[in-house]
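Take a look at the structure set out below.
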Number of protein chains: 2
Amino acid sequence: MAARRVTLRDIARLAEVHPGTASRALSDDEKLKKLVNPETAARVQRIAKEMNYNPDPAARSLKTRRSHSVGVLIPDITNPLFPPIIRGIEDCLGGNGFVVLLGNTDDDSKRERMLLDGMLSRRVDAMILATAKRDHDVVVDIVAQDLPVVLVNRVLDNHAIPSVATDDMAGIRMAVNHLISLGHTKIAHLAGPQEFSTGANRIKSFYLTMNAAGIEVEPNMVSYAESFSQAEGAKRCRELMAAFPDVTAIVAANDMLAIGCYQAFEESGIRCPEDISIVGFNDAPFSDKISPPLTSITFPHYQVGFEAANLAVERIHNPNSATKVLFLPPELVVRKSTTAVSVKLK
Amino acid sequence: MAARRVTLRDIARLAEVHPGTASRALSDDEKLKKLVNPETAARVQRIAKEMNYNPDPAARSLKTRRSHSVGVLIPDITNPLFPPIIRGIEDCLGGNGFVVLLGNTDDDSKRERMLLDGMLSRRVDAMILATAKRDHDVVVDIVAQDLPVVLVNRVLDNHAIPSVATDDMAGIRMAVNHLISLGHTKIAHLAGPQEFSTGANRIKSFYLTMNAAGIEVEPNMVSYAESFSQAEGAKRCRELMAAFPDVTAIVAANDMLAIGCYQAFEESGIRCPEDISIVGFNDAPFSDKISPPLTSITFPHYQVGFEAANLAVERIHNPNSATKVLFLPPELVVRKSTTAVSVKLK
DNA sequence: CTGTTAGCGCCTTCAT
DNA sequence: ATGAAGGCGCTAACAG
């Protein structure tokens, strides 16, 4: 079995033309294709289809220096934020004839480096990173190689690289204003790691929005999580609640952190939303199913992935295209974890 | 920038040997490597490292007919069951120098075919399928091409292909016996699609276990969902509750279906677990966070993926290795969605 | 132990 | 409009 693969020469022989001609007839490049007699071309194409000929990507790639693959680096596919983004990326890339090489970095630079090297040596045509730090060495390395890069979800401070994300500042603004409109003023922020744009922009927006509303943020009422994880959420929340028993609401930098807070609440018998309101960010799948259903900031994950892939394709075809930085709008989803302040007896 | 890539001839020239020798010195194949003078080999390797030489995968692949990539087909990465499995697959494969090509089929054969063709033409060294039907045409096509295949999560009726999954029958047995031990006898089964081993084995085990306990299953107290989705779960649950108001417990073929039931319960004011107990299957992430936390059958998703990849690697290196079918043990996780029967006033 | 040679399958410039 | 020829970077069979 395993019949020998049909090759360009096979179909050339059958069509009674030279392989070179067959190649042109089958070329995607319109300019080349026009150089061949329409009838011959048609015949070649028909035969190719009949034999269901597929050009060998290795051979083609050896010649053209294109692998028709793009590398995608994410922190961890197990984080529910990423599956829809990846799905968007794959759908777009697949539709354009590319294949994706996926890698999980766990936000560990050594791992990231290794994975990147592997992809580079496999000659990916572009990289899509969901792992970017605010000023990311790896990114500059890649651009130095003249390889197209696009960032998803996290962006650079200087917006120097094509990126697609949601507007973190706008999202947090909605979250804070929602709480304020509910009568809250003692609002804490559980911030994410500041090395990522997501962490940094969200905290910045928190301060800005609070100030704009004329509410002063007490020092230390902003707590820094070291990672976007449930465990960190729980830990920081405990500290926060101990230090500020009169806080009536928390803006968490993402849903994982918020879910960690749930755990801390439960431990100390704090009821949500009766005693405290909380809003998350990302609207991860299942944020609506947990108890209480989490008020969160949602954004179109799938589209973010899709558009990022689109930018990558654009860059591959035209490396000098403009450096687009695209923000898709977030939305507030009010569920059961937020409610109007009640007088809280100390 | 983008200095021309360093090639085998470059390092051969620097090492003052013939490219052929350099190739051997750098070969992974120990048998070949031994044919070269240790000193020469060392020199070549040193220079290769200094120049940080990376063999061109396209060229190598053109020659060797190996791509060092394996294709992975799953129904939908957005289904929370899959991320940990994929992570396991990637970790194992990555550790063995392979790269993963991922595709989402949505359980649609046309899509599957297309994706498969793409991967085949890219000369993947093996395929891992999480999409298998109980007798799967696509699978036989792949084996016909002499390409290693391994199945994850879903297996074939005849176990003719290397596979890794959990023991569905054992899992359901635990679920049913748990319910019985809680005093339930009016137990319904919300079955999954019968085209998949998961659906078929779970229903089979349901009947077997009920019978073994001397409980007769009333006709129609088993309902068939057309897909493993929340929507189907809700729909079938409504029908079930309407037809059998005296049911006190449901065994759902997976968590998605169970969550759908939650929705149906809520609609008709049925309390869980007070009025009805339910157990799911898969213990998807967040099944512990929903309300009430779902009693479910868990199994080591990551390991299942990892082992499947392992089998694939084994097969790549030795196509004639035994056709292993590996079942990892499931476990019952009791949470809040199941409780002892209470007398139910009609 | 090492050099030689001959492609793998495709694209593309140069002739014709 | 098509044929011819060379080579992308690497490996492997064959000499020496």
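Treat the numbers as computed from the prediction; the structure is a model and nothing was measured. Each chain gets a letter, A, B and so on, in the order its sequence line appears, and its residues count up from 1.
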With no hydrogens and no angle check, is any side-chain donor or acceptor of [X] less than 3.5 Å from a backbone partner on [Y]?
| X | Y | answer |
| --- | --- | --- |
| D10(B) | T7(B) | yes |
| R154(B) | S197(B) | no |
| S23(B) | P19(B) | no |
| D107(B) | P75(B) | no |

Counting only side-chain heavy atoms from C-beta out, which of [options] sits nearest to [X]?
| X | options | value |
| --- | --- | --- |
| A59(B) | dT2(D), dC10(D), dC1(C) | dC10(D) |
| R65(A) | dG9(D), dC10(C), dC1(C) | dG9(D) |
| L62(B) | dC10(C), dT11(D), dC8(C) | dC8(C) |
| T40(A) | dA1(D), dC11(C), dG9(C) | dA1(D) |

A correct dot-bracket answer for DNA chain C, with pairs being Watson-Crick or G-U at under 3.5 Å, [ ] for crossing pairs and | for inter-strand pairs, is ||||||||||||||||
Checklist entry - Is L8(A) touching bases, backbone alone, or none of the nucleic acid, heavy atoms closer than 4.0 Å? => result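 Answer is sugar-phosphate: L8(A) comes under 4.0 Å of backbone atoms only.
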Between atom [atom1] in [X] and atom [atom2] in [N], what is the gap in whole Å?
| X | N | atom1 | atom2 | value |
| --- | --- | --- | --- | --- |
| R13(A) | dC10(C) | CZ | P | 12 Å |
| N37(A) | dT16(C) | CG | P | 22 Å |
| R66(A) | dT12(C) | CZ | P | 11 Å |
| L26(B) | dG9(D) | CG | P | 16 Å |
| D10(A) | dC8(C) | CG | P | 11 Å |
| R122(B) | dC10(C) | CZ | P | 14 Å |
| D56(B) | dG9(D) | CG | P | 7 Å |
| R60(B) | dG9(D) | CZ | C1' | 11 Å |

_Test side-chain contact (heavy atoms from CB on, under 4.5 Å) on E307(B) and N310(B); report intermediate values, then the result._
CA-CA 5 Å; E307(B) 292 299 337; N310(B) 236 339; 3.9 Å; yes
Would you list the protein and nucleotides 3-7 of chain C atom pairs, both N or O, that sit under 3.5 Å from each other?
from: dG3(C); atom 1: OP2; to: H18(B); atom 2: N; distance (Å): 2.8
from: dG3(C); atom 1: OP2; to: T21(B); atom 2: OG1; distance (Å): 2.7
from: dG3(C); atom 1: N7; to: R24(B); atom 2: NH2; distance (Å): 2.8
from: dG3(C); atom 1: O6; to: R24(B); atom 2: NH1; distance (Å): 2.9
from: dG3(C); atom 1: O6; to: R24(B); atom 2: NH2; distance (Å): 3.3
from: dG7(C); atom 1: N2; to: K63(B); atom 2: NZ; distance (Å): 2.8
from: dG7(C); atom 1: N3; to: K63(B); atom 2: NZ; distance (Å): 3.2

Open item on the list: Would you compute the distance between atom CZ of F82(A) and atom CD1 of I77(B) and round it to the nearest 0.5 angstrom?
Closed with: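 The CZ atom of F82(A) sits 11.5 Å away from the CD1 atom of I77(B).
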Atom CG of L81(A) and atom NE2 of H301(A): how far apart are they, to the nearest 0.5 Å?
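Reported to 0.5 Å precision, the distance equals 5.0 Å.
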* Under the side-chain hydrogen bond (donor to acceptor under 3.5 Å, both in side chains) rule, what do T323(A) and R315(A) come out as? Steps first, then yes or no, please. => CA-CA 9 Å; T323(A) 302; R315(A) 275 274 156 150; 3.2 Å; yes
* salt bridge (Lys or Arg N to Asp or Glu O under 4.0 Å) between D91(A) and R111(B), worked out -> CA-CA 11 Å; D91(A) 284 358; R111(B) 254 186 92 92; 3.6 Å; yes
**Asked** Are S23(A) and dC11(C) close enough that a side-chain N or O sits under 4.0 Å from OP1 or OP2?
**Response**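 Yes, such a contact exists.
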